[in-house]
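Comments concern the structure below.
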Amino acid sequence: MPVLTNLRVARVFEQVADLLEARGESPFKIQAYRRVARSLERLEEDIHLLDAEGRLTDIPGVGKEIEKKIREILRTGKLGYLERLKAELPGVLTLMEIPGVGPKTAYRLTTELGIRTIEDLEAALAKGDEFWARVPRFTPHLVDNIRRGLEAYRRRSPRLPLGQATIFFEELRHTLVRAGVSRVEPAGSLRRYEETVGDLDLVVVFPNAEDLARRLTGSPEVELAETAGPGWVRVRLASGLSVDVYVVDEAGFGAAWVWATGNRDHLEGLQARLGAAGYTLTEHGLVGLDGIPLPVAEEGVIYELAGLPYIPPEVRGGRDEFAPDVARRLAELVGLTDIRGDLQSHTDWSDGSAPLEVMVQAAAERGLEYLAISDHSAGRGNARGLDVGRLAAQREVIAALNEELDRRGIRVRVLAGIEVDIRADGHLDLPAEALKALDVVVGSLHTALTQSRDRVTERLLRAIRTGLVDILGHPTARLIGTREPVDFDREAVFRAAVEAGVALEINANPERLDLNAEDIRRAREFGAQFAINTDAHYPSNFDLMKFGVMTARKAWVRRDEVINTRPLAELREWLRRRRR
DNA sequence: ATTTGCCGAAATTAGCTTTGCATAAAGCT
């Protein structure tokens with residue numbers, strides 16, 4: 001799990017890099033800051049600890065200057081250098097929040113047009129095409145792109161992507177434990193694995209809500225903690241995130257947990273069934289016909305009383321979980337323990353942080369039976385993508401590693417793979433012979449993500465019909481809250497994938513969750529097969545698998561629809577058959 | 001700004017796509 005402090009410091013350096021880039025400084029200086037930001041994001045140790053031990057310069061890319069800056073941030077919470085840059089380049093970072101507006105465009109908007117806020121930009125866009133036609137280098141295409149980016153920005157809710165919410169939750173869990181609570185559990189949209197989370201909801205065991213609010217008030221990351229009702233503490237974190245804490249005793253935990261988890265439609269359906277049996281679920285617990293509260297420690301009791309099987313949180317959506325055949329469907333759902341292997345992962349051969357052997361070991365430690373190494377292809381220049389020669393060399397390394405694993409009696413097997421770029425016209429980034437020599441080919445979009453619907457559709461169909469792609473990687477290329485999904489004809493592409501025997505990836509990275517639950521539902525209608533992959537770039541990323549599995553479960557994906565639930569021999573069979 | 005290599009200075013990640021212009025630059029990842 002990434003460390004929140006490290007992420008905050010990384011963010012500061014990202015902003016420094018953005019502003020330096022806006023101003024047109026040396027690319028190498030910019031790169032130096034970006035590199036450190038990425039190192040920090042991937043660092044498992046809290047930099048407070050590294051600082052205390054004088055080991056900050058052990059971090060890749062950290063030298064004397066950046067070490068000083070990290071210390072300043074840790075000490076004061078700010079970086080004077082960044083504050084100065086912000087003052088010299090007002091509005092640039094704000095405008096860069098808009099998808100499609102990079103450092104250069106933001107710089108030109110601020111300097112050439114005096115636009116500094118989102119509202120300024122909206123006003124300028126409202127002036128229409130005649131206005132923009134008079135501004136040099138703001139072509140209709142660029143202006144249109146900005147307009148669409150702004151719409152996406154406006155649509156974007158202040159909700160946190162699931163991965164970030166999880167990190168905040170883990171931090172808060174520690175704070176609550178330090179404050180003396182004996183149990184902390186997530187609830188609300190976080191527990192339901194919704195792709196974004198608005199407020200954090202959680203349930204804790206503690207004797208007294210007022211007392212808990214008082215204890216939390218002293219914590220550094222807590223801005224405000226107050227009781228908002230009986231057994232209910234509302235917390236605002238310094239990050240601005242708002243948290244509802246339900247304070248209960250163990251005896252009533254189950255009922256409170258169901259209530260706090262929701263969602264609203266699910267609770268409504270549940271209420272109807274409980275009501276038929278003579279019970280009411282309230283904010284304060286379960287109440288019998290006689291109006292007497294009944295302590296319920298376990299969630300399962302509630303579902304039993306409602307005449308339902310236990311409904312796991314991720315499928316509490318209010319629509320499908322009340323169907324008569326739900327018990328059978330639940331039994332068939334793919335689960336984390338069904339996943340036998342991971343079919344997309346990166347190493348330091350391209351943009352991963354760890355050597356191949358380390359990634360394999362991390363996969364083995366997590367009980368995976370197989371791991372596909374799928375580094376980027378050469379088209380990802382920035383990721384040091386593999387060309388034909390390096391790919392062949394890596395294949396040999398993998399073959400040797402498999403022999404060694406075999407000798408040492410270690411079960412995990414390594415599949416030689418690639419994440420090959422699907423180029424703007426649908427051609428693959430490597431020749432057919434190179435791809436045919438591999439065990440598994442993941443084909444992904446990484447460039448030209450603003451193409452029209454028709455072009456993307458044609459492009460994907462073409463890639464699918466090469467017969468060389470086994471898995472369509474993160475099919476929409478979205479980044480939750482940052483980059484919109486590409487637009488394509490879902491039906492045409494999903495049908496073509498089914499016909500060609502191409503599996504659709506459910507990318508488990510919580511910044512992607514791609515396909516999302518809605519697209520997965522759609523794809524299932526056409527009989528699609530899925531691969532749930534972490535797309536790991538460093539060892540602890542393998543822990544992200546649960547996010548992918550939960551997303552699949554939200555769309556009621558059965559384990560037999562997921563190719564990486566198959567034992568290795570069967571998977572190999574599937575890959576071979578697809579290639580005929 | 002950092003690393004490498006060597007003690008001060010050079011090298012550092014690179015190709016694809018689009019656009020505007022007609023061969024090259026900017027932006028993106």
Side-chain angles (χ1 to χ4, degrees), chain A residues 12-14 16-40 56-70 72 79 81-82 85 92 95-96 98-109 112 132-133 135-146 148-149 346 348-353 375-388 390 419-430 444-452 455-456 459 463 473-474 477-479 482-484 486 511-512 535 537:
Chain A
V12 170
F13 290 135
E14 265 313 328
V16 168
D18 286 340
L19 290 173
L20 293 177
E21 192 174 352
R23 207 162 64 176
E25 299 253 355
S26 152
F28 301 113
K29 194 166 166 178
I30 298 162
Q31 176 199 327
Y33 282 105
R34 291 211 199 284
R35 177 154 181 253
V36 170
R38 208 170 65 158
S39 288
L40 290 173
L56 284 177
T57 48
D58 289 357
I59 301 168
V62 176
K64 255 173 40 191
E65 288 303 310
I66 293 187
E67 181 190 35
K68 255 194 288 186
K69 292 184 169 76
I70 294 177
E72 184 188 337
L79 181 64
Y81 182 51
L82 175 62
L85 284 170
V92 169
L95 296 175
M96 279 184 64
I98 298 163
V101 176
K104 298 286 182 189
T105 306
Y107 182 74
R108 282 164 51 197
L109 286 169
E112 293 170 24
W132 291 95
V135 188
R137 291 180 303 167
F138 277 93
T139 60
H141 182 88
L142 176 58
V143 174
D144 198 47
N145 215 18
I146 295 172
R148 271 183 290 131
H346 298 261
D348 62 6
W349 282 65
S350 68
D351 64 348
S353 309
D375 276 306
H376 287 285
S377 59
R380 304 281 68 231
N382 60 325
R384 298 194 312 119
L386 275 57
D387 59 17
V388 173
R390 288 181 71 218
E419 183 182 14
V420 64
D421 255 39
I422 299 171
R423 303 239 287 251
D425 63 355
H427 273 110
L428 301 179
D429 193 35
L430 285 168
S444 304
L445 303 180
H446 291 111
T447 53
L449 301 178
T450 56
Q451 285 177 334
S452 69
R455 278 190 75 183
V456 178
R459 178 184 182 188
H474 48 70
R478 73 153 174 181
L479 294 173
T482 306
R483 186 168 68 209
E484 291 289 290
V486 292
E511 286 172 23
R512 290 192 183 272
D535 197 0
H537 281 67

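Letters A, B, ... mirror the listed sequences (proteins, then strands); counts begin at 1.
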*In chain order, what residues pass the side chain to side chain donor-acceptor pair (under 3.5 Å) check against A:R455, with sequence neighbours excluded?*
none
*Which residue lies toward the 5' end of DNA chain B, A:P140 or A:A448, if each is placed at its nearest nucleotide?*
A:A448
*Would you say A:Q451 reaches B:dT18's phosphate, i.e. side-chain N/O to OP1/OP2 under 4.0 Å?*
yes
_Pairwise P distance for B:dT3 and B:dT13, with rounding to whole Å_ = 12 Å
*asked:* OP1 or OP2 of B:dT29 versus the side-chain N and O atoms of A:R483: is any pair under 4.0 Å?
replied: yes
*asked:* Expressed as a whole number of angstroms, how long is the span from A:L445:CG to B:dT17:P?
replied: 11 Å
*Counting only side-chain N and O atoms of A:R455, is one of them less than 4.0 Å from OP1 or OP2 of B:dT18?*
yes
Identify the pairs formed between an N or O of the protein and an N or O of nucleotides 1-9 of chain B at a distance under 3.5 Å, and give each distance.
from, atom 1, to, atom 2, distance (Å)
B:dT2, OP1, A:G63, N, 2.9
B:dT2, OP1, A:G63, O, 3.4
B:dT2, OP1, A:I66, N, 2.8
B:dT2, OP2, A:E65, N, 3.2
B:dT3, OP1, A:G61, N, 3.4

_Without decimals, in angstroms, what is the distance between A:I30 CD1 and B:dT29 P?_
16 Å
_Once side chain to side chain donor-acceptor pair (under 3.5 Å) is applied, do any residues pair with A:E67, and if so which ones, sequence neighbours excluded?_
A:R71
*Measure from the side-chain heavy atoms of A:P103 and tell me the nearest of B:dT13, B:dC28, B:dT18.*
B:dC28
*Could you pull out the closest heavy-atom pair between A:R459 and A:A424, with the gap in Å?*
CD-O, 3.4 Å
*A:D348 CG - B:dT13 P separation (whole Å)*: 14 Å
*asked:* Output the rounded distance in Å from CG (A:D351) to P (B:dC28).
replied: 19 Å
*Between B:dT29 atom P and A:R512 atom CZ, what is the distance in whole Å?*
11 Å
*Between A:R35 and A:G61, what is the shortest heavy-atom contact and its length?*
NH1-CA, 3.5 Å
*What is the distance from NE2 of A:H427 to C1' of B:dT17, rounded to the nearest Å?*
16 Å
*Roughly how many Å is it from CD in A:E484 to P in B:dT29, rounded to a whole number?*
13 Å
*Taking all atoms of both residues into account, what is the closest heavy-atom pair of A:L445 and A:H474, and its distance?*
O-CE1, 3.4 Å
_Can you confirm if the NZ or CZ of A:K69 lies within 45° of the ring axis of A:F13 and under 6.0 Å from the centre of its six-membered ring?_
no
*Quote, to the nearest angstrom, the P distance that separates B:dG27 from B:dC21.*
14 Å
*Sequence neighbours excluded, which residues qualify as side-chain contact (heavy atoms from CB on, under 4.5 Å) partners of A:V12?*
A:I73, A:L79, A:L82
_B:dT17 and B:dT12, which share atom name C1', separated by this distance in whole Å_ = 25 Å
Please list each protein N or O that sits under 3.5 Å from an N or O in nucleotides 24-27 of chain B, with the distance.
from, atom 1, to, atom 2, distance (Å)
B:dG27, OP1, A:R108, NH1, 3.4

Table please: side-chain donor-acceptor pairs of residues 100-109 of chain A below 3.5 Å, with sequence neighbours left out.
from, atom 1, to, atom 2, distance (Å)
A:K104, NZ, A:E21, O, 3.4
A:R108, NH2, A:R137, O, 3.0

*In whole Å, what separates the C1' atom of B:dA14 from that of B:dA9?*
24 Å
*Without hydrogens or angle criteria, can the side chains of A:D421 and A:H376 be said to hold a donor-acceptor pair below 3.5 Å?*
no
*Between B:dG15 and B:dA22, how far is it from one P atom to the other, in whole Å?*
26 Å
*Integer angstrom distance from the C1' of B:dT18 to that of B:dA11*: 30 Å
_For A:L449 against A:A477, the heavy-atom pair lying closest together_ = CD2-CB, 4.0 Å
*To the nearest Å, give me how far apart CG (A:L142) and P (B:dC21) are.*
13 Å
